[in-house]
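Structure first, commentary second.
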Amino acid sequence: MDDVTNLTGRRIVVTGAASGIGRATAELFVRRGAGVVFIDRDAAVATVASAAGGAAGLVVDVADESAVTRVVAEAAAALGGIDGLVNSAGIDLVKSITDMTPAEWNRLLAVNLNGPFHVCRAAAPFLREASEATIVNVASGAGLVPLKHRTAYCASKAGLVMFTKSLAMELAPVRVNAFCPGIIDTPLFRLSFENEPDPDAELQRILDRYLIKRAATPEEAAHVVLFLSSRASSIMTGVALAGDAGRTFH
Ligand SMILES: NC(=O)c1ccc[n+]([C@@H]2O[C@H](COP(=O)([O-])OP(=O)(O)OC[C@H]3O[C@@H](n4cnc5c(N)ncnc54)[C@H](O)[C@@H]3O)[C@@H](O)[C@H]2O)c1
């Protein structure tokens with residue numbers, strides 16, 4: 001059988017690539033043969049990319065539209081085009097609506113929703129020129145089923161799911177899909193319980209929402225992104241694929 005997840009010859013940009021899901025994805029894609037540009041606001045991305053054998057590690061805040069346009073052009077020049085994009089950069093915020101400031105709300109939306117818009121917009125001309133091009137937006141189970149004290153996060157991820165579906169209609173035959181993770185063991189996830197008065201109890205409370213009661217590894221999440229970025233999912237576009245240990249289907 002063909003190795004449908006082989007990425008040899010593909011030219012892929014991954015945001016949020018200094019940590020967590022984005023990093024594991026970018027590293028896996030290099031191992032699967034792709035040329036990969038790692039992008040992050042964290043300057044550590046250069047070291048991470050170089051250690052993994054990436055084509056480049058570029059620093060940018062995805063909320064900054066003009067800087068994103070410049071960096072995506074730089075990535076395309078380094079790779080000789082772009083035929084794959086993964087938007088994994090994101091932030092979380094656990095706060096009640098009355099505690100949340102408008103600045104916090106705006107920043108979360110600027111990163112989690114405007115960020116993918118900026119990157120997709122800058123990459124679209126390159127993706128349209130390529131054959132079998134893909135975009136994967138890392139949304140969340142929180143974009144499918146709500147969580148308390150996460151109005152901004154849930155709104156950003158639900159917005160990203162519908163952005164993905166609308167963009168799939170516009171960019172076809174470029175395939176555009178969303179991945180909706182549950183809990184993946186990353187710094188972002190750990191922040192959601194480690195500062196609670198009783199972190200162990202809070203972790204248990206979170207795990208109780210899931211049918212499979214463990215946090216997945218970033219590598220497990222990366223394999224779902226690989227599926228959506230490769231020929232393995234060649235007839236899928238406009239989907240919001242939950243990889244969420246069973247939280248959101250019931
Ligand atoms: N970990 C989970 O349980 C989980 C669950 C559902 C969805 N997600 C989503 O997965 C994505 C990746 O999260 P993760 O868990 O790997 O977190 P992480 O914190 O390990 O990695 C996120 C990366 O994004 C980068 N980043 C943040 N803001 C940025 C910005 N403005 N510009 C550029 N880079 C920026 C960070 O520097 C970091 O390297 C996020 O979009 C998150 O919402 C995570």
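Numbering of ligands and ligand atoms starts at 1, following listing order. Not measured: the values here are computed from a predicted model.
Here the CG atom belonging to N137 is positioned 11.5 Å from the CG atom belonging to N112, to the nearest 0.5 angstrom. Rounding to the nearest 0.5 angstrom, the gap separating the CG atom in L226 from the CZ atom in F29 is 5.5 Å.
Given atom 34 (N) of ligand 1, the protein heavy atom at minimum distance is R41 N, 3.2 Å. For atom 42 (C) of ligand 1, the nearest non-hydrogen atom of the protein is Y153 OH, 3.6 Å. Considering only non-hydrogen protein atoms, atom 16 (O) of ligand 1 sits nearest to I21 N, 2.8 Å. In terms of protein heavy-atom proximity, atom 19 (O) of ligand 1 is closest to L188 CB, 3.5 Å. In terms of protein heavy-atom proximity, atom 31 (N) of ligand 1 is nearest to D61 OD1, 2.8 Å.
A salt bridge links E220 with R214: the distance from a Lys NZ or Arg NE/NH1/NH2 to an Asp or Glu carboxylate oxygen falls below 4.0 Å. Electrostatic pairing of D61 and R41 does not count as a salt bridge here, judged by no charged N lying under 4.0 Å from a carboxylate O. With respect to the salt-bridge test (charged N to carboxylate O, under 4.0 angstrom), the residues D92 and R150 qualify. A salt bridge does not link E74 with R70: every distance from a Lys NZ or Arg NE/NH1/NH2 to an Asp or Glu carboxylate oxygen is 4.0 Å or more. Ion pairing of D3 with R32 is present here, as a side-chain N (NZ or NE/NH1/NH2) and a carboxylate O approach within less than 4.0 Å. Salt bridge absent: R175 and E132 never bring a charged side-chain N and a carboxylate O closer than 4.0 Å.
Counting only residues at least two apart or in different chains, ring pair (Phe, Tyr, Trp, His ring centres under 6.0 Å) contacts with residues 183-212 comprise F189-F193.
Contact annotation: the side chain of V37 never approaches that of V14 to less than 4.5 Å [non-hydrogen atoms, C-beta and beyond]. Using a 4.5 Å heavy-atom cutoff, the side chains of D83 and S131 are not in contact. Using a 4.5 Å heavy-atom threshold, the side chains of I82 and L127 count as touching.
Every atom of ligand 1 is numbered from 1 in the order shown, and the set under 4.0 Å from a heavy atom of V60 is 32 (N), 33 (C). Close contacts of ligand 1 with V111, meaning ligand atoms under 4.0 Å from a residue heavy atom, involve 28 (N), 31 (N). Distances below 4.0 Å separate heavy atoms of G20 from the following atoms of ligand 1: 16 (O), 20 (O). For ligand 1, the atoms sitting less than 4.0 Å from at least one non-hydrogen atom of F189 are 1 (N), 3 (O), numbered in the order shown with element in parentheses. Atoms of ligand 1 found under 4.0 Å from any heavy atom of I183, numbered from 1 in the order shown, are 3 (O). Every atom of ligand 1 with a heavy atom of V138 under 4.0 Å away is listed here by number and element: 9 (C), 10 (O), 11 (C), 41 (O).
Residue contact annotation: R107 has a non-hydrogen atom under 4.0 Å from ligand 1. At least one heavy atom of P187 sits less than 4.0 Å from an atom of ligand 1. Residue G182 places a heavy atom under 4.0 Å from ligand 1. Note on ligand 1: D244 sits outside its first shell, no heavy atom being nearer than 4.0 Å. The shortest separation from a heavy atom of S192 to ligand 1 is not under 4.0 Å, leaving the residue out of contact.
Between the choices D185, T25, D40, the shortest heavy-atom distance to atom 23 (C) of ligand 1 belongs to D40. The option with the heavy atom closest to atom 35 (C) of ligand 1, from among P218, A89, C180, is A89. Here the shortest heavy-atom distance to atom 40 (C) of ligand 1, taken over S88, G22, A17, A24, belongs to S88. Residue nearest to atom 14 (P) of ligand 1, selected from T15, L191, T186, I206: T186 (by heavy-atom distance). Relative to atom 7 (C) of ligand 1, the option among G90, S19, A216, A139 with the closest non-hydrogen atom is A139. Of the options V68, V62, V225, I184, the smallest heavy-atom separation from atom 32 (N) of ligand 1 is shown by V62.
Neither the backbone nor the side chain of R23 comes within contact range of ligand 1; no heavy atom lies under 4.0 Å. In I91, the part holding a heavy atom less than 4.0 Å from any atom of ligand 1 is the side chain.
The two residues S19 and D40 make their nearest non-hydrogen contact at N-OD2, 4.3 Å.
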Pair up each side-chain donor or acceptor in residues 52-60 with any protein partner under 3.5 Å, not counting sequence neighbours, and list the distances.
none

| request: Walk me through it: do E104 and R107 pass the test salt bridge (Lys or Arg N to Asp or Glu O under 4.0 Å)? | output: CA-CA 5 Å; E104 287 173 323; R107 176 63 185 164; over 6 Å; no

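Of the N or O atoms in K157, one or more lie within a sub-3.5 Å distance of an N or O in ligand 1.
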